[in-house]
Amino acid sequence: MGSSSAKPKRVVIVGGGFAGLNAAKILGRHGTELEVVVIDRRNHHLFQPLLYQVAMAGLSPADIAAPIRGLLSDYRNTTVIQGEVRRVDADAKQIHGDFGELSYDYLLLAAGAMHAYFGHEDWEPHAPGLKTVEQATEIRRRVLTAFEQAEAHPAHTADRKRLLTFVIVGGGPTGVELAGAIGEMSRTTLAKDFRNIDPKLTRVILIEAGPRIMASFHEKLASRATRDLESLGVQVWTNSLVTKVDASGVEVGGERIEAATVLWAAGVRAAEFEALDAERDRQNRVHVGADLSLKGHPEVFVAGDLAHAVDAQGQPYPGLAPVAMQQGRFVARAILRELAGESRGSFEYVDKGQMATIGRGRAIVEAGKVRFAGMLAWWTWLLVHIYYLTGFRNRVLVLIQWGWSYLTFSRGARLIVAKQWRSYPQLGAADESAGEHAAE
């Protein structure tokens, strides 16, 4: 890979998610041969498949997140920068951001995904999605606050009924996991703690525009998921298109559902990474070649949810964590192969299957023609997710937390955290006003 006196090649990775982190770990093992720079707006890597557990008060954010610096501290050739990339100059091989200017020999863009409201972005304040820790804690705040307020309202009133109605839009894995968790929480954990709420009166409605939920799974597993949800008191509405979302509920066609809490799990799109001028698809993903590189700029790679890469049949790969992980590893190895004078090769996704949990002891697993559900599927889901959790500490904590929750039907992270942190906000407003007048 060249003499030791040669200047090391610099690889810049934008995004500390599954794709970026997996690429950085492989490249970080090559000492002085490479210089690796990882840039992310946040200082932590987030295990998104368990983010719904934070939203449903099952886990704390620290259980599923770890500082990027800590994860890469053993690699002496790797530098971590917390910052935001604002422009990519592919011709000059430079990126520009709030950290300044940085040149590169290879660039990997893996900025992740965000929610898609299909042209109704104004719905977001009333129906938060679930992609970040901030969104998870906001959902937790809304769900727990709804129960607290319902406890204080007189029984059999319209206000209490609205407060105890939860609507989840989108019947994919995230929507199903959220609906199942709310249904289970209302009938087990919260039923023990609240005195004036009858958990049977809690309405959880899962709305799906398609003919069935869990469309990516086999029909028999999807039917099993539907039955499991219904056993938790969740109403499953299929062939139902949400036409309006506001502060007091949703409209499905001509029907109105009054609900204090609406959660969005209906669609995703690539993150708003406008720093790169490149051809994109309808989901804002960047078109890449078979080696995940940008047309006309082979030194620029795009991976994960930001990439529009296609399989042998011409179908784009799904936005799943395993896809991002494998793409990150491929890009790292492609760079190493090229530096060794070998061909990069083409990316091929190895599908190891999919799984989703519906609640305590309920899950579905599909791996090729192997399909199963129930308690065995739940234990499989549990072990696989703990295995992929980043860091030994996280695995041990999550295992203990879940074991305790399973035995006691309790949830240990039921904190309602307000966004207002100042004790004297009025003084701050006066200071800012005085500062503005002084500036004038």
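For clarity, every value in this text was computed on a predicted model and none was experimentally measured.
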Problem - Leu72 CG to His45 NE2 distance, which is reported to the nearest 0.5 Å - result: 10.0 Å
Exercise for the section: State, with a plain yes or no, whether a side-chain heavy atom of Val167 is found less than 4.5 Å away from one of Arg203. Expected result: no
Practice task
Return yes if some donor-acceptor pair links the side-chain N/O of Gln326 with the main-chain N/O of Val350 below 3.5 Å, else return no.
Solution key: yes
Fill in the blank from the handout: The complete set of salt bridge (charged side-chain N to carboxylate O under 4.0 Å, His left out) pairs with one or both residues in residues 115-137, sequence neighbours excluded, reads Arg42-Glu134
Problem - Selection residues 213-226 - residue pairs positive for salt bridge (charged side-chain N to carboxylate O under 4.0 Å, His left out), sequence neighbours left out - result: Arg224-Asp228
Problem - Name of the residue among Gln135, Arg140, Arg142 meeting side chain to side chain donor-acceptor pair (under 3.5 Å) with Glu138 - result: Arg142
Practice task
Taking atom CZ of Arg371 as the centre, report whether more than 12 heavy atoms of other residues, nucleotides or ligands fall under 6.0 Å from it.
Solution key: yes
Handout entry: Donor-acceptor contact below 3.5 Å, side chain Glu208 vs main chain Gly170
Key = no
Enumerate donor-acceptor pairs with a distance under 3.5 Å from any side-chain N or O in residues 241-260 to protein atoms, sequence neighbours excluded.
{"residue": "Thr243", "atom": "OG1", "partner": "Glu251", "partner atom": "O", "Å": "3.2"}
{"residue": "Asp246", "atom": "OD1", "partner": "Ser248", "partner atom": "N", "Å": "3.0"}
{"residue": "Asp246", "atom": "OD1", "partner": "Ser248", "partner atom": "OG", "Å": "3.2"}
{"residue": "Asp246", "atom": "OD1", "partner": "Gly249", "partner atom": "N", "Å": "3.1"}
{"residue": "Asp246", "atom": "OD1", "partner": "Arg256", "partner atom": "NH2", "Å": "2.8"}
{"residue": "Asp246", "atom": "OD2", "partner": "Arg256", "partner atom": "NH1", "Å": "3.0"}
{"residue": "Asp246", "atom": "OD2", "partner": "Arg256", "partner atom": "NH2", "Å": "3.2"}
{"residue": "Ser248", "atom": "OG", "partner": "Arg256", "partner atom": "NH2", "Å": "2.7"}
{"residue": "Arg256", "atom": "NE", "partner": "Glu258", "partner atom": "OE2", "Å": "3.0"}

Exercise for the section: Check whether any side-chain heavy atom of Tyr75 sits under 4.5 Å from a side-chain heavy atom of Leu27, and report yes or no. Expected result: no
Practice task
Among residues two or more places apart or on two chains, list those pairs meeting side-chain hydrogen bond (donor to acceptor under 3.5 Å, both in side chains) that have a residue in residues 303-314.
Solution key: Asp281-His308
Practice task
Not counting sequence neighbours, which residues clear side chain to side chain donor-acceptor pair (under 3.5 Å) with His96? List them please.
Solution key: Arg87
Handout entry: Working for side chain to side chain contact (heavy atoms under 4.5 Å, CB included), residues Asn43 and Ile68
Key = CA-CA 6 Å; Asn43 78 326; Ile68 298 173; over 6 Å; no
Problem - All side chain to side chain donor-acceptor pair (under 3.5 Å) counterparts of Arg160, not counting sequence neighbours - result: none
Handout entry: Tyr388 and Phe18 aromatic centres sub-6.0 Å
Key = no
Practice task
Look at the side chain of Asp98 and the backbone N and O of Glu84, then say whether any donor-acceptor pair between them is shorter than 3.5 Å.
Solution key: yes
Exercise for the section: Return yes if a side-chain donor-acceptor contact under 3.5 Å exists between Thr157 and Asp159, otherwise no. Expected result: no
Handout entry: Check: Ile213 and Leu229 side chains under 4.5 Å, non-hydrogen atoms
Key = yes
Handout entry: Exam field: side chain Arg69 to backbone Val80, donor-acceptor pair closer than 3.5 Å
Key = yes
Handout entry: Arg280 and Leu306: CA distance, side-chain angles, deciding distance, side chain to side chain contact (heavy atoms under 4.5 Å, CB included) verdict
Key = CA-CA 10 Å; Arg280 310 206 177 210; Leu306 190 62; 4.2 Å; yes
Practice task
Report yes if some heavy atom in the side chain of Val286 is under 4.5 Å from a heavy atom in the side chain of Leu109; otherwise report no.
Solution key: no
Exercise for the section: State whether the side chain of Glu184 and the backbone N or O of Arg360 hold a donor-acceptor pair below 3.5 Å, judged by distance alone. Expected result: yes
